[in-house]
Amino acid sequence: MRFTRLLGRTLKEAPADADCVSHRLLVRSGMIQQVAAGVYSYMPMGWRVLKKIENIIREEMDKAGGQELNMPSLQPIELWEKSGRLASFDKTLFTVTDRKEHKLVLGPTHEEVITDLVRRSVQSYRDLPQLPYQMQNKFRDEPRPRGGLLRVREFIMKDLYSFDADETGLDNSYQKMVSAYKNIFSRCGLPSVMVEADSGAIGGKASHEFMLIADSGEDEIIYCSKCGYAANTEKATSIKKSAPLPESRDIEDVATPGLKSIEEVAAFLGVSHDQTLKSVFYVADGELIFIVIRGDLEVNEIKLKNLLKCTELHMATEAETKVSGLVAGYASAIGLKGIRIVADDSIKLGSNFVAGANRTDTHLKNVNYPRDFTVDILSDIAKTRPGDSCPKCNQALLAQQGIEVGHVFKLGTFLSERLGAYYLDKDGSNKPIIMGCYGIGVGRLLAAAVEQNHDEKGIIWPLPIAPYQVLLCPLKIEDGSVMEAAEAVYAELCAANIEVLFDDRPESPGVKFNDADLVGVPLRLVISARTLKSNSVELKWRKEAQAQMLPLEGLMEAIKHLLKPH
RNA sequence: CGGGGUGUAGCGCAGUGGUAGCGCGCAUGGUUUGGGACCAUGAAGCCGGUGGUUCGAAUCCACUCACCCCGACCA
């Protein structure tokens, strides 16, 4: 490809609203263009990268037994009513109305359609397992798109769905996908981490995410450097440290005028945070829930949501708590009636706690569970934080930011039961098909690759996903001999099927070199009067500082050798 | 949903009531050429939209749309 013919110019300055590195560099290098909030066009060069990633994914999916197919983005809303996921997607669903006033949704994912499709095609255990997949645009009206391609409203996702007759089959499919995913990310040249993940309100038993480590990542990964435990913060657990456990004493009032927060109360009474009980109020599907947790810990809303099996959860507003007659700042589970109480199991790890008295300006000392109050549910609902003890080996946990690029779920039979996807087993009985689903955000992966591979000058594409393998860069193209040599090398590279971007622009060396670094093509070949003096070209890897000279004689063989994997 | 911010040439920005500006980029000609060169000439804007105030509005007021950021939080 000739640079002068390429659609999409490089920019010295990125749009002011481009905040994260990948957004800035992808826009500046002319790979993407914003169309609306969270909606982007891929320019030819960006599209080449995307296709490369897609092809690697496609090869690994096929190798694992997947079959590619295509499904519509327009989906009848009835399918979503039937699956019961209309409510859980709620406002993130894009809907359209056709001329007959019939509502359709723009698919945020394709589980409903594929389950319905498989329902029609699969009747017997002999037809299983099935591993259909697709790479298509999905639509989600995110509350807040951000970070360029990292969080968008229309995006390309690879989704594979597994359909198995039994749990063993599901385990098998799941394992196939896990190893396919590992292959995909390593073939892309992108080191990834697999972590335990929350499977959401609908999800089944097991779920893992694949993360690319990057400071700009939205997700926090909790991991153990000793035993290898790794989980999304949403899911992570830890061995909770016990607070002091003195003999229980009699409960007593203590005046705490104007003191409401754990911070204030603990400081006033001279106790540490883990010797207090914190009360928090949530509203789950309209029901006010009273939460008790040890004062040094915080509530993990995802764990709480899963525990309550609710679809909507938010912290109660002042108005919502007032209605129930609770005394904000001084609320307590002691003597409380008519409201469900959920407690974190940390309340057992300590005694003689300080807690609210349900009276303004008053707290209670020496509160003990279960002596002084009861709870409806006692479970782990605390946020795990770095420094906590690893649930497997007790080592102090560490944290780092990651970008979620892949997610695998064991779905179970939730959808097949609701959508009627049953098969006839050997024994003649009807059974729901057991499902799994396995997604990769292709555009996000592209952006994450840039987050992971760049320097102050620009992108540094890993070779397997680079838009071009070679950038051919003649200096001073008015010089007949330079351009003649460059044209000859260009023709040879094309003939050898090497992907080459030919910078045939009449620009100064500085401009060309800076654009070369910005665009991030792995191998740069410079031809100039200087190199021609020794019948050679200059060769430089984007990721390395040093250049070397290569003789024109035998150049193609040398380059082919350099581009060979490993 | 709440809070804040920004809309002026392709991009980045200045312009607080009186003829629409700068830098980069773009076009033409010339001089340059190993890390974002220089000179000259030129094209390019319904100042996000609607309504108002005014002799006069990019500028003041109201509404509206779009985009960006922060918060979705421990009483």
Side-chain angles (χ1 to χ4, degrees), chain A residues 8-20 23-24 27-28 30 33-39 90-91 141-148 151 153 256 258-266 273 276-283 290-302 304 312-322 324 326-332 344 355-356 358 360-361 363 381-383 456-458 473-479 482 503 505-518 524 526-533 537-538 540 545 547 549:
Chain A
R9 63 174 60 255
T10 56
L11 301 172
K12 276 192 191 164
E13 283 173 291
D17 51 24
D19 45 338
C20 70
H23 188 195
R24 191 183 301 280
V27 170
R28 279 192 56 209
Q33 243 177 47
Q34 183 168 11
V35 176
V39 180
D90 194 37
K91 288 204 177 82
D141 196 358
E142 295 285 345
R144 184 140 96 89
R146 70 180 99 188
R151 188 167 212 87
R153 297 192 296 170
T256 50
L259 307 177
K260 294 184 172 186
S261 69
I262 291 296
E263 194 76 34
E264 293 164 342
V265 172
H273 290 194
T276 66
L277 293 179
K278 180 154 61 181
S279 303
V280 192
F281 318 119
Y282 278 90
V283 175
F290 191 103
I291 311 292
V292 189
I293 187 166
R294 210 174 63 194
D296 59 318
L297 301 173
E298 288 178 14
V299 173
N300 176 330
E301 292 186 6
I302 305 285
L304 181 59
E312 198 273 336
L313 181 77
H314 66 264
M315 286 206 64
T317 61
E318 232 165 285
E320 282 168 324
T321 48
K322 250 191 200 125
S324 66
L326 292 164
V327 191
Y330 303 93
S332 144
D344 183 65
N358 287 330
T360 305
D361 295 341
H363 278 78
I381 53 168
K383 226 178 238 174
E456 65 286 352
K457 287 283 198 173
C473 188
L475 300 183
K476 201 174 179 184
I477 66 166
E478 298 80 3
D479 183 328
V482 167
D503 191 350
R505 298 174 304 168
E507 292 289 350
S508 69
V511 171
K512 290 191 169 197
F513 289 148
N514 278 298
D515 275 348
D517 290 343
L518 176 60
R524 188 184 81 188
V526 174
I527 299 184
S528 67
R530 191 193 287 182
T531 70
L532 287 181
K533 248 181 229 162
V537 303
E538 181 198 87
K540 182 183 165 298
M549 299 298 271

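What you see is a predicted model; the values in this text were computed from it and never measured. Within every chain, numbering begins at 1; the chains are lettered A, B, ... in the order of the sequence lines, protein sequences first and strands thereafter.
To the nearest angstrom, P of B:C11 lies 13 Å from NE2 of A:H23. Atom pair A:E264:CD and B:C74:P shows a separation of 12 Å (rounding to whole Å applied). Protein atom CZ of A:R146 is 15 Å distant from nucleotide atom C1' of B:C67, rounded to whole Å. Taking atom CD of A:E142 as the reference point, atom P of B:A72 lies 17 Å away to the nearest angstrom. With rounding to whole Å, A:K476 atom NZ is found 8 Å from B:G34 atom P. Remark: C1' of B:A72 and NZ of A:K383 are 12 Å apart, rounded to the nearest angstrom. We find that CG of A:D90 is positioned 12 Å from C1' of B:C1, with the value rounded to whole Å. In this structure, the CG atom of A:L11 is 15 Å from the C1' atom of B:C13, given to the nearest Å.
Across the C1' atoms, B:G4 and B:U53 are found 28 Å apart, a figure rounded to whole Å. Between B:G2 and B:A62, the two C1' atoms lie 23 Å apart (nearest whole Å). Annotation: B:U50 and B:A58 have their C1' atoms spaced 16 Å apart (nearest Å). Distance check on atom P: B:G48 versus B:A43 gives 24 Å, rounded to whole Å. Spacing of P atoms, B:G25 relative to B:A37, comes out at 8 Å, to the nearest Å. Taking atom P in both B:G10 and B:A44, the straight-line distance is 12 Å, to the nearest Å. Separating the C1' atom of B:C46 from that of B:U8 is a span of 12 Å, rounded to the nearest Å. Separating the C1' atom of B:C61 from that of B:C67 is a span of 24 Å, rounded to the nearest Å.
A:I477 is listed as a side-chain neighbour of A:K512, based on a closest heavy-atom distance under 4.5 Å. At a threshold of 4.5 Å between non-hydrogen side-chain atoms, the residues A:T531 and A:M549 count as touching.
When heavy atoms are screened at a 4.0 angstrom cut-off, A:D515 is found touching base atoms of the nucleic acid. A:K457 comes within 4.0 angstrom of a nucleotide base, judged by non-hydrogen atoms across all strands. The residue A:R151 sits apart from the nucleic acid: no heavy atom pair falls under 4.0 Å. Contact annotation for A:R28: base contact, defined as any heavy-atom pair under 4.0 Å involving a base atom. A:L475 comes within 4.0 angstrom of a base, heavy atoms only. Residue-level contact check: A:E478 touches the bases, meaning some heavy atom is under 4.0 Å from a base atom. Here A:T531 lies in heavy-atom contact (under 4.0 Å) with a base.
Comparing A:P509 and A:M315, the nucleotide of RNA chain B nearest to each residue sits closer to the 5' end for A:P509. Where A:I527 and A:S279 each meet RNA chain B at their nearest nucleotide, the meeting point lying more 5' is that of A:I527.
Across all strands shown, nothing is found opposite B:G35 as a Watson-Crick or G-U wobble partner with both distances under 3.5 Å. Of all nucleotides present, only B:A27 satisfies the Watson-Crick or G-U wobble test against B:U41, with each distance under 3.5 Å. The partner of B:G21 is B:C13, by the rule that a Watson-Crick or G-U pair needs both atom distances under 3.5 Å. With a 3.5 Å ceiling on both atom-pair distances, the Watson-Crick or G-U wobble partner of B:G71 is B:C1. Under the Watson-Crick and G-U wobble criteria, each requiring two contacts below 3.5 Å, nucleotide B:C63 is paired to B:G49.
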### Task
Report the C-alpha separation of A:D515 and A:E507 in whole Å, then their side-chain angles, then the decisive distance to 0.1 Å, and conclude whether the side chain to side chain contact (heavy atoms under 4.5 Å, CB included) test is met.
CA-CA 10 Å; A:D515 275 348; A:E507 292 289 350; over 6 Å; no
### Message
Set out, in order, the CA-CA distance, both residues' side-chain angles and the distance that settles side chain to side chain contact (heavy atoms under 4.5 Å, CB included) for A:V299 and A:D344, then state yes or no.
### Response
CA-CA 8 Å; A:V299 173; A:D344 183 65; over 6 Å; no
### Task
List the steps and the verdict of side chain to side chain contact (heavy atoms under 4.5 Å, CB included) for A:S279 and A:L277.
CA-CA 7 Å; A:S279 303; A:L277 293 179; 5.9 Å; no
### Message
If you apply the rule side chain to side chain contact (heavy atoms under 4.5 Å, CB included), what do you find for A:E538 with A:R524, and how did you get there?
### Response
CA-CA 8 Å; A:E538 181 198 87; A:R524 188 184 81 188; 3.3 Å; yes
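Considering NZ of A:K476 and CD1 of A:I527, their distance stands at 16.0 Å, rounded to 0.5 Å. With rounding to the nearest 0.5 angstrom, the CZ atom of A:R24 is 12.0 Å from the CG atom of A:L518.
Between the side chain of A:S528 and the base of B:G34, at least one donor-acceptor pair of N or O atoms lies under 3.5 Å. Taking 3.5 Å as the limit, the base of B:G12 and the side chain of A:R24 contain no donor-acceptor pair of atoms between them.
Comparing B:C67, B:G36, B:G34 by their nearest atom to the side chain of A:V526 picks out B:G34. Side-chain atoms of A:E301 lie closest to B:C73 of the nucleotides B:C67, B:C73, B:A75. Distance from the side chain of A:F281 is smallest for B:A75 among the nucleotides B:C70, B:G34, B:A75. In the set B:G34, B:C74, B:A37, B:G34 carries the atom at the smallest distance from any side-chain atom of A:F513. Listed nucleotides: B:G34, B:G35, B:C70. Nearest to the side chain of A:E538: B:G34.
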Can you check nucleotides 22-27 of chain B for protein contacts, nitrogen or oxygen pairs under 3.5 Å, and list what you find?
from: B:C24; atom 1: O3'; to: A:K12; atom 2: NZ; distance (Å): 3.3

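An OP1 or OP2 oxygen of B:A72 is reached within less than 4.0 angstrom by no side-chain nitrogen or oxygen of A:R144. Not one side-chain nitrogen or oxygen of A:Q33 sits closer than 4.0 Å to the OP1 or OP2 atom of B:G10. Proximity of A:S508 to the phosphate of B:G36: no side-chain N or O atom is located under 4.0 Å from OP1 or OP2.
The 12-atom threshold is exceeded at CD of A:E264, counting heavy atoms of other residues, nucleotides or ligands nearer than 6.0 Å.
Under the side-chain contact (heavy atoms from CB on, under 4.5 Å) criterion, A:I262 pairs with A:H273, A:T276, A:K278, sequence neighbours left out. Shown here are the salt bridge (Lys or Arg N to Asp or Glu O under 4.0 Å) partners of A:E298, two or more places apart in sequence or in another chain: A:K383.
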